[in-house]
Amino acid sequence: MNGLIDINILKQAAADVRAHFPDANPTAAFVLGSGWSDAIKVFNVKKEVSYAEITGFGTSHVVGHAGKLALAEIDGKEFLVWQGRKHFYEGLGWTAVALPAFISKSMGCSKFFASNAAGGTTYKPGDLMIIRDHINNMGCNVLQGPHHPELGARFPDMTYAYDPELRAVLRSAAAAVGVAVVEGVYLANSGPTYETPAEVKLANTIGADAVGMSTVPEVIIANAMGMKVAAISCITNYAAGMTGQPLTHTEVVETLDAAMGNIHKLLPEIIRRFA
Ligand code: HPA
């Protein structure tokens with residue numbers, strides 16, 4: 001396996017999902033990242049399919065990632081909910097990472113929403129940060145390799161990777177339900193190590209408000225394929241070196257659990273306005 005996108009696997013995966021949801025007509029897709037999957041409880045789920053039944057996902061799981069795709073409904077409109085994602089650091093290659101964005105577009109979605117857990121370099125644990133822009137610091141790009149026109153242009157524009165109108169929708173949704181949000185730049189590293197304090201200092205110096213290990217590759221695919229994108233980070237910890245404490249995945253999961261009340265309030269409002 002060379003890690004590059006296999007367009008045939010993506011197409012087969014899209015066909016698998018269409019076969020599970022033959023009559024589905026979703027307009028928006030939501031990726032629930034680390035710890036966010038609990039938010040599925042607030043939706044009216046019509047049907048679910050396990051990632052294990054979709055070509056290309058493999059079977060491994062990270063704690064806090066459910067590994068299921070739901071077809072859900074709000075106010076009579078359908079949307080997709082991806083409960084968990086595959087990460088570059090898992091070593092499965094880019095195909096598995098690209099699947100949610102590719103399938104969402106193939107199913108007819110024009111809007112793509114991603115969520116994640118991130119370390120704060122300017123914000124504090126518990127803050128919900130609308131991503132205004134990103135820095136791809138993974139050292140590689142999901143679209144490297146042969147050009148597949150099905151994924152968009154050879155050199156996709158990223159000027160408005162996070163759609164300004166959708167960001168405004170996120171802000172007004174948050175205001176409507178009384179949940180405070182901040183806005184900032186997300187920097188993605190490859191992981192799976194957390195950053196060193198020196199790397200956090202670098203991230204902050206070059207303009208990052210949060211650091212994480214996901215989201216950027218799928219946002220690149222979604223933009224290249226012509227979807228409008230929005231994303232929110234839940235700041236789960238101060239990034240490395242900002243306090244004397246070492247970082248743990250447990251801390252990440254616990255902070256997300258504590259933020260879940262706000263997420264449960266906010267997500268349905270976002271979905272109502274997106275779907
Ligand atoms: N760094 C990278 N990824 C993360 C972090 C972090 O501090 N917290 C949650 N995901």
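Indexing begins at 1, ligand by ligand and atom by atom, following the structure's order. Hydrogens, waters and symmetry mates are skipped; everything else that's a heavy atom, side chains included, is used. Start at 1 with the first residue, then count along the sequence.
- Scanning the protein for heavy atoms near atom 10 (N) of ligand 1, the closest one is Ala117 O, 3.4 Å.
- When heavy-atom distances to ligand 1 are checked against a 4.0 Å cut-off, Ala240 has no atom that comes that close, whether in backbone or side chain.
- Atom 1 (N) of ligand 1 has as its closest protein heavy atom Glu195 OE1, 2.7 Å.
- Residue Val252 has at least one heavy-atom neighbour below 4.0 Å for each of these atoms of ligand 1: 8 (N), 9 (C).
- The CG atom of Asn25 sits 9.5 Å away from atom CG of Asp23, with the distance rounded to the nearest 0.5 Å.
- Within the 4.5 Å cutoff, the side chain of Ile220 has heavy atoms near those of the Asn141 side chain.
- A 4.5 Å side-chain heavy-atom check between Thr95 and Ile7 finds every atom pair outside the cut-off.
- The protein heavy-atom contact nearest to atom 9 (C) of ligand 1 is Thr236 OG1, 3.4 Å.
- Remark: ligand 1 atoms within the under-4.0 Å shell around heavy atoms of Ala118 are 5 (C), 8 (N), 9 (C), 10 (N).
- With respect to atom 5 (C) of ligand 1, the closest heavy atom belonging to the protein is Gly119 N, 3.4 Å.
- Residue, atom and distance of the protein heavy atom nearest to atom 8 (N) of ligand 1 are Asn237 OD1, 2.7 Å.
- No donor-acceptor pair under 3.5 Å is formed between the side chain of Glu269 and the backbone N or O of Leu266.
- Annotation: Glu165, atom CD; neighbour count of heavy atoms from other residues, nucleotides and ligands within 6.0 Å does not exceed 12.
- The closest heavy-atom contact to atom 3 (N) of ligand 1, among the options Pro192, Ala188, Gly212, comes from Gly212.
- When the options His134, Arg167, Arg132 are evaluated for a side-chain hydrogen bond (donor to acceptor under 3.5 Å, both in side chains) with Tyr162, the one that passes is His134.
- By the criterion of a heavy-atom distance under 4.0 Å, the side chain of Leu247, and not its backbone, is placed next to ligand 1.
- Put simply, the side chain of Tyr186 gets close to the backbone of Ser214: a donor and an acceptor are under 3.5 Å apart.
- With hydrogens and angles ignored, the 3.5 Å screen pairs no side-chain donor or acceptor of Thr121 with any backbone N or O of Val200.
- Below 4.0 Å from some heavy atom of Met213 lie the following atoms of ligand 1, by number and element: 2 (C), 3 (N).
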